[in-house]
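A, B, ... follow the sequence lines: proteins, then strands. Residue 1 opens every chain. Small disclaimer: the values here were computed from a predicted structure and weren't measured.
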Amino acid sequence: MNDRDTYVTRPHPPGEIAAALEGTRLTAAHRRGKSMWVETDRGPVLGLHLGMTGRIVIDGEEAGDRRRGTDRPGWDRFVIEFEDGGRLALRDMRRLGRAVLAPAIDRLGPDAAEVDRRTFRERVGRGTAPLKARIMDQAVIAGVGNLLADEALWQARLDPRRPAGSLSEDELDRLRREIRASARSAIRRGGAHTGRLIPERHPGGHCPRDGVELRHAQVGGRTTYWCPADQH
DNA sequence: ACCTATGTTGATAC
DNA sequence: GGTATCAACATAGG
């Protein structure tokens with residue numbers, strides 16, 4: 001076990017996670033939104049999060065998509081070596097990922113790909129914050145990041161700047177449907193970058209539906225692209 | 001060279 | 001409590 005990277009294991013001191021995990025057996029793996037965690041047969045729970053650029057690497061093989069510049073072994077920040085020779089690493093260029101004991105899963109909302117209609121209406125359809133900020137709040141629903149938010153809002157034809165509390169039930173239902181579809185598609189195909197809007201998500205990009213040039217601005221503190229013609 | 005951008009999240013201040 | 005802003009990181013590109 002190597003947990004000496006002081007940043008991805010914050011706030012644990014070096015060696016603490018190793019001491020808790022050595023000699024245990026990993027018995028189950030879970031995911032909710034962008035958070036993952038594994039259980040052990042002696043109690044400790046290990047939380048894993050990929051941050052922006054993280055990948056899980058099993059026996060040298062990267063899981064998920066394999067985009068440019070993600071694959072240097074030198075970026076392995078946290079590594080578990082198993083007795084049978086297996087190896088699990090958190091490979092993360094920017095080190096914004098994390099590996100922690102007892103992750104605070106209870107602070108997450110329901111998974112964005114699974115949330116039911118009633119729960120979605122109650123949790124998302126309130127407040128004055130921009131709609132995009134609301135769906136990206138992991139305590140409201142878990143799993144929507146910056147790219148997936150732009151994709152789903154575009155699919156649902158909703159303006160990201162609208163106050164979340166201003167949506168009708170029909171609009172909320174439409175948004176839930178597109179978030180679930182986008183999240184499931186991203187999981188199946190290996191990333192939100194496989195969506196339809198995302199390739200146009202750059203200055204000068206155009207709406208794939210009507211060809212209108214996309215607008216971009218900061219919404220909820222994040223760079224946001226949307227079609228001024230059909231997102232309301 | 002310098003400034004900006006970036007699939008995220010948390011601490012902090014109104 | 002809800003909302004907005006900024007820092008933490010490492011690299012790429014104009």
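Nearest heavy-atom pair, A:Asn146 versus A:Arg201, reported as atom, atom and distance to 0.1 Å: ND2-NH2, 3.0 Å. Shown here for A:Val115 and A:Pro110, the closest heavy-atom pair between the two residues is CG2-CG, 3.9 Å.
Looking at A:Gln218 and A:Thr224, their side chains never bring a donor and an acceptor atom within 3.5 Å of each other. Inspection of the A:Asp92 and A:Thr53 side chains reveals an N or O donor paired with an N or O acceptor under 3.5 Å.
For A:Leu147 and B:dT6, the CG to C1' distance is 9 Å, given to the nearest whole Å. In this structure, A:Ile141 places its CD1 atom 14 Å from P of B:dT8, rounding to the nearest Å. The separation between A:Asp137 atom CG and B:dT8 atom C1' is 13 Å, rounded to whole Å.
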Taking protein heavy atoms under 4.0 Å as touching, what does nucleotides 2-11 of chain C look like 5' to 3' if B marks base contact, S marks sugar-phosphate-only contact and - marks none?
-SS---BBBS
Base contacts versus sugar-phosphate-only contacts with protein, heavy atoms under 4.0 Å: please encode nucleotides 9-14 of chain B as B, S and - from 5' to 3'.
BS----
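Relative to the six-membered ring of A:Trp154, A:Arg209 meets both conditions, a distance below 6.0 Å and an angle of at most 45° to the axis. Cation-pi check for A:Arg117 over A:Phe120 is not met; the charged atom does not lie both under 6.0 angstrom from the ring centroid and within 45 degrees of its normal.
In this model, the phosphate group of B:dT6 is not approached by any side-chain N or O of A:Thr53 to a distance below 4.0 Å at OP1 or OP2.
Taking a pair to require two hydrogen-bonding distances under 3.5 Å in either a Watson-Crick or a G-U wobble arrangement, B:dG7 remains unpaired. Within the shown strands, nothing qualifies as a pairing partner of C:dC9 under the Watson-Crick or G-U definition with both distances less than 3.5 Å.
A distance-only check finds no donor-acceptor pair linking the side chain of A:Ser166 to the backbone of A:Arg162 [under 3.5 Å].
No side-chain heavy atom of A:Thr40 sits less than 4.5 Å from a side-chain heavy atom of A:Thr27.
B:dG7 and C:dT3 have their P atoms separated by 23 Å, given to the nearest Å.
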